[in-house]
Amino acid sequence: MLRLYSSHNDISRLQQIIDVLNDGGVIIYPTDTTYALGCNALKERAVERICRIRNIDLRSHPLSIICYDMSNISEYAHISTPVFKLMKRNLPGPFTFILPGTSRLPKIFRARRQKEVGIRMPDNPITNQLVEMLEVPLLTASLPLDALDREYAINPELIEEHFGADVDLVVNGGEGMDAESTIVDCLDEELKILRQGIGLLK
């Protein structure tokens with residue numbers, strides 16, 4: 001486990017995590033909701049590994065990535081002008097916007113008919129630091145919490161105890177939040193909220 005703080009982190013500790021991600025490793029890290037699984041989104045084998053850990057069926061479950069800023073998002077997803085304005089008003093924050101993905105994403109992202117991708121930009125300084133240093137999106141997926149107490153989604157010590165053997169590194173960013181992001185389907189002209197989490201659209 002590696003401890004990070006909201007600011008003044010030693011660059012060598014951040015680089016340790018970046019090295020794990022660039023080597024195709026899988027981490028658990030804090031977001032602005034619960035802790036999550038993450039990997040370099042452009043490393044297809046690492047993405048496959050997270051899919052196995054989470055038992056994700058790619059035909060029915062779109063993958064999500066974390067981007068650093070709006071220009072970064074536009075490299076990996078097609079965004080109409082109204083949706084761009086909506087995202088700019090609400091990000092960073094606890095939202096997942098479902099958009100058509102671009103060909104810059106690996107083939108594994110195109111398993112679904114509409115080739116959609118979930119886009120996140122959490123309001124969490126640790127996540128932001130990591131994604132900025134990584135310079136490519138971070139694949140993100142919730143922890144497999146079936147039949148587990150919700151403490152296992154927010155307490156880094158319990159997370160390490162239960163999931164540590166499945167990943168290469170747990171990033172301890174302190175106590176997480178027991179909350180979900182709001183999922184917004186932007187594939188059609190009419191937006192749909194697929195899940196109302198803690199994010200309230202402006």
Side-chain angles (χ1 to χ4, degrees), residues 1-23 25-43 46 50 63-77 79 84 86-97 99 117-143 145 150-160 163-164 167-184 195 197-202:
M1 184 186 290
L2 196 152
R3 181 70 162 103
L4 291 182
Y5 301 90
S6 57
S7 61
H8 305 301
N9 288 301
D10 188 306
I11 194 73
S12 65
R13 293 172 74 77
L14 292 163
Q15 190 60 50
Q16 265 183 268
I17 303 168
I18 300 305
D19 290 344
V20 168
L21 293 168
N22 283 332
D23 285 342
V26 171
I27 67 170
I28 294 175
Y29 68 100
T31 71
D32 55 358
T33 53
T34 61
Y35 274 74
L37 293 158
C39 72
N40 181 325
L42 305 188
K43 301 280 185 182
I50 286 183
L63 296 173
S64 293
I65 59 174
I66 290 177
C67 293
Y68 176 67
D69 58 20
M70 292 302 297
S71 63
N72 190 222
I73 289 172
S74 64
E75 291 181 53
Y76 298 96
I79 317 174
F84 182 90
L86 176 74
M87 293 173 76
K88 204 161 174 56
R89 281 198 303 272
N90 289 280
L91 295 175
F95 295 93
T96 303
F97 291 94
L99 294 161
V117 62
I119 299 291
R120 286 218 65 201
M121 196 195 295
D123 188 10
N124 180 288
I126 292 173
T127 310
N128 293 341
Q129 280 181 296
L130 290 175
V131 178
E132 183 179 17
M133 281 186 68
L134 186 62
E135 296 183 337
V136 298
L138 187 72
L139 179 93
T140 186
S142 58
L143 294 170
L145 295 172
R150 293 294 296 177
E151 276 287 299
Y152 285 89
I154 63 173
N155 183 307
E157 303 293 337
L158 290 176
I159 289 167
E160 165 77 17
F163 299 109
V167 299
D168 299 288
L169 182 66
V170 176
V171 178
N172 180 350
E175 192 86 351
M177 282 186 66
D178 185 7
E180 293 180 317
S181 67
T182 295
I183 301 176
V184 186
R195 180 181 73 195
I198 59 169
L200 301 174
L201 275 178
K202 298 173 190 170

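Fair warning: this is a prediction, and the values are worked out from it, not measured in the lab. Values reported hereafter were calculated over all heavy atoms of this structure, with side chains retained and with hydrogens, waters and symmetry mates removed.
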Whether Thr182 side chain and Gly197 backbone form a donor-acceptor pair below 3.5 Å: yes
Can you tell me how far the CD1 atom of Ile17 sits from the CG atom of Asn22, to the nearest 0.5 Å? 12.0 Å
Nearest 0.5 Å please: distance from the CE atom of Met87 over to the CD1 atom of Ile119. 6.0 Å
Any donor-acceptor pair under 3.5 Å from Thr127 side chain to Pro30 backbone: yes
Would you mind telling me which of Ile65, Leu42, Leu21 makes a side-chain contact (heavy atoms from CB on, under 4.5 Å) with Val136? Leu42
Under 3.5 Å, is there a donor-acceptor pair linking the side chains of Asp19 and Gln15? yes
Ignoring hydrogens and geometry beyond distance, is a side-chain donor-acceptor pair present between Tyr35 and Ser142 at under 3.5 Å? no
Is there side-chain contact between Asn172 and Glu157, with at least one heavy-atom pair below 4.5 Å? yes
Are Leu143 and Leu37 side-chain neighbours, meaning at least one heavy-atom pair lies under 4.5 Å? yes
Can you name the closest pair of heavy atoms from Pro125 and Ser6 and give their distance? CB-O, 3.3 Å
CA sep, side-chain torsions, deciding dist, call: Ile27, Val170, side chain to side chain contact (heavy atoms under 4.5 Å, CB included): CA-CA 6 Å; Ile27 67 170; Val170 176; over 6 Å; no
Quick one: does any side-chain atom of Asp123 pair with a main-chain N or O of Pro92 as donor and acceptor, under 3.5 Å? no
Please answer whether the main-chain N or O of Tyr5 pairs with a side-chain N or O of Asn9 as donor and acceptor at a distance below 3.5 Å. yes
Dump the intermediate steps for side chain to side chain contact (heavy atoms under 4.5 Å, CB included) on Thr31 and Met177, then the final yes or no. CA-CA 8 Å; Thr31 71; Met177 282 186 66; over 6 Å; no
Gap separating the CZ atom of Arg120 from the OG1 atom of Thr140, nearest 0.5 angstrom: 6.5 Å
Could you measure the distance from the CD atom of Glu135 to the CD1 atom of Ile18? Nearest 0.5 Å is fine. 9.0 Å
State, to 0.1 Å, how close Thr34 and Arg150 come at their nearest heavy-atom pair, and which atoms those are. CG2-NH2, 3.7 Å
Atom pair CE (Met70) and CD (Glu75), whose distance is rounded to the nearest 0.5 Å: 12.5 Å
Can you give me the closest heavy-atom contact between Gly25 and Asp168, atom names plus distance? CA-OD2, 3.2 Å
For the pair Asp10 (side chain) and Ser12 (backbone), establish whether a donor and an acceptor sit closer than 3.5 Å, ignoring hydrogens and angles. yes
Please report the closest heavy-atom contact between Val131 and Cys67, naming both atoms and the distance. CG1-C, 3.9 Å
Do the side chains of Leu139 and Ile50 get nearer than 4.5 Å, heavy atoms only? yes
Side chain to side chain contact (heavy atoms under 4.5 Å, CB included) between Ile73 and Phe97, worked out: CA-CA 11 Å; Ile73 289 172; Phe97 291 94; over 6 Å; no
Crowded around Tyr68 OH? As in, over 12 foreign heavy atoms under 6.0 Å? no
Over all heavy atoms of both residues, which pair between Ile198 and Asp32 is shortest? Give the atoms and the distance, please. CD1-O, 4.2 Å
Indicate yes or no: at least one non-hydrogen side-chain atom of Gln129 is less than 4.5 angstrom from one of Leu14. yes
Sub-4.5 Å side-chain heavy-atom contact between Leu99 and Ile79: yes
Are Ile183 and Phe95 packed together at the side-chain level, in the sense that at least one heavy-atom pair is separated by less than 4.5 angstrom? no
Give me the atom names and distance for the closest heavy-atom approach of Tyr152 to Phe163. O-CE1, 4.1 Å
How far apart are the C-alpha atoms of Ser181 and Thr96, what are their side-chain angles, what is the distance that settles it, and do they pass the side-chain hydrogen bond (donor to acceptor under 3.5 Å, both in side chains) test? CA-CA 6 Å; Ser181 67; Thr96 303; 3.0 Å; yes
Between Ile66 and Tyr29, is any pair of side-chain heavy atoms under 4.5 Å apart? yes
Just how far is it from atom CG of Leu2 to atom CG of Leu4, taken to the nearest 0.5 Å? 5.5 Å
Considering only heavy atoms from C-beta outward, does the side chain of Leu134 approach that of Leu138 to under 4.5 Å? yes
